[in-house]
Novice: 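Sharing a structure here in structure tokens format.
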Amino acid sequence: MTLVRCTDAARTFGHGDQAVVAVHGCTCTVEPGARIAITGSSGSGKSTLLHLMAGLEVPTDGAVEWPEFGDSAVERSRDIAVVFQGPSLLPALTVAENVALAAVLTGTDEAAADERAAAAMETVGVAALADQLADTLSGGQAQRVAIARAIALRPQLVLADEPTGQLDAATGTHVLDVLLAAAAETGAALVVTTHDPTVIGRFGEHWQMNDGRLVVPAEEGVLR
Ligand code: ADP
Ligand code: MG
């Protein structure tokens, strides 16, 4: 069973002289239960690869497939949750509304979405913030709420883009604990990009992006 399969997947932005190859042909798979950390310097293509895996970017060459999830973006949006690199909450909505919204937008009825949101906020430890407006949160709180929103979807795959990037070391460690515990509780596979080498040891697989090229240890990322 494979959740995501990238086959020589590439993404170029712009054309002609202006073209930037963000990701050269990447070949890799994500299996259920995976715990993958992708490292690489700034501009090495981590976010672009994650967006390709999420289906948010379309490859300009090669292919990205989701054998378990059906072909349409709507179907995939129920199974794949993304935690974005920067602020991503809607500031004028409460924490509870932010967490429930993605589930509602992907077709969960409102009562069920509220229940899932409550459970996700409990898991992530932000239940006490439920009625606060999102723009009153600290960076660490906002990142935990974004994680709650992701797991409220009950996804099979969570893709988190530098989830600890904006946080101090202690808060970052806590947010990572929360993310790993939430993935364990919901059974989701987890892929994170990170600058932080201390994060790597907590993940079973370590992939590296180097100038748009993915270096996956041979025994891990090759097509099986
Ligand atoms: P990372 O997440 O590792 O910092 P990115 O995937 O964000 O790397 O970017 C890889 C390269 O692609 C960079 O050179 C970046 O400037 C470029 N890039 C990323 N997104 C876009 C875009 N939407 N338009 C043009 N260039 C982009
Ligand atoms: Mg990035």
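Index from 1, following the sequence. Atoms within a ligand are numbered from 1 in the order they appear, just like the ligands themselves. No hydrogens, no waters, no symmetry mates; every other heavy atom, side chains included, goes into these values.
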Novice: Short list, please: which atoms of ligand 1 are under 4.0 Å from a heavy atom of Ser42?
Specialist: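 Here the atoms of ligand 1 in question are 4 (O).
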Novice: For atom 6 (O) of ligand 1, tell me which residue out of Thr48, Leu49, Asp161 has the closest non-hydrogen atom.
Specialist: Thr48
Novice: At a threshold of 2.8 Å, where the distance has to be below it, does the Mg ion (ligand 2) have an N, O or S atom of Thr193 nearby?
Specialist: no
Novice: Could you check whether Asp161 and Thr193, counting side-chain N and O atoms only, form a donor-acceptor pair closer than 3.5 Å?
Specialist: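 Result is yes, a qualifying pair exists.
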Novice: Please tell me whether Thr39 and His195 have a donor and an acceptor in their side chains that are separated by less than 3.5 angstrom.
Specialist: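 Their side chains do not contain a donor-acceptor pair, so the 3.5 Å distance test is not met.
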Novice: Among all protein heavy atoms in this structure, tell me which lies nearest to atom 20 (N) of ligand 1, with the distance rounded to 0.1 Å.
Specialist: Phe13 CE1, 3.3 Å
Novice: Please state which protein non-hydrogen atom is closest to atom 14 (O) of ligand 1 and give its distance, to 0.1 Å?
Specialist: Val20 CG1, 3.8 Å
Novice: Does ligand 1 have an atom that lies less than 4.0 angstrom from a heavy atom of Ser41?
Specialist: yes
Novice: State whether any protein heavy atom lies less than 4.0 Å from atom 16 (O) of ligand 1.
Specialist: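 False for atom 16 (O) of ligand 1.
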Novice: Where is the tightest heavy-atom contact between Val175 and Gln143, given as atom of each residue plus distance?
Specialist: CG1-CG, 4.1 Å
Novice: What closest approach, in Å, do Arg35 and Ala188 show between heavy atoms, and which atom pair accounts for it?
Specialist: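 For Arg35 versus Ala188, the nearest heavy atoms are NH1-O, 2.9 Å.
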Novice: Does an N or O from Gly45, backbone or side chain, lie closer than 3.5 Å to an N or O of ligand 1?
Specialist: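 For ligand 1, there is an N or O atom that lies under 3.5 Å from one belonging to Gly45.
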Novice: Would you say the side-chain atoms of Glu31 and Thr29 include a donor-acceptor pair closer than 3.5 Å?
Specialist: yes
Novice: I'd like to know if Asp61 and Arg11 make a salt bridge, using a cut-off of under 4.0 Å between side-chain N and carboxylate O.
Specialist: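 Looking at Asp61 and Arg11, the cut-off is not met.
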Novice: Evaluating non-hydrogen atoms only, which member of Ala19, Ser47, Ser44, Gly40 is closest to atom 2 (O) of ligand 1?
Specialist: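 Heavy atom nearest to atom 2 (O) of ligand 1 belongs to Ser47.
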Novice: Quick check: does Gly43 get an N/O under 3.5 Å from an N/O on ligand 1?
Specialist: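 Yes: some nitrogen or oxygen of Gly43 is under 3.5 Å from one in ligand 1.
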Novice: Could you find the nearest protein heavy atom to atom 12 (O) of ligand 1 and give me its residue, atom name and distance?
Specialist: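 Checked against all protein heavy atoms, atom 12 (O) of ligand 1 sits closest to Ala22 CB, 3.2 Å.
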Novice: Got an N, O or S from Ser47 under 2.8 Å of the Mg ion (ligand 2)?
Specialist: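 Short answer: yes, at least one N, O or S atom is under the cut-off.
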Novice: Considering non-hydrogen atoms only, spot the tightest contact between Met53 and Val64 and give its length.
Specialist: CA-CG1, 4.4 Å
Novice: Over all heavy atoms of both residues, which pair between Arg202 and Thr173 is shortest? Give the atoms and the distance, please.
Specialist: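 Shortest heavy-atom contact: NH1-O, 4.0 Å.
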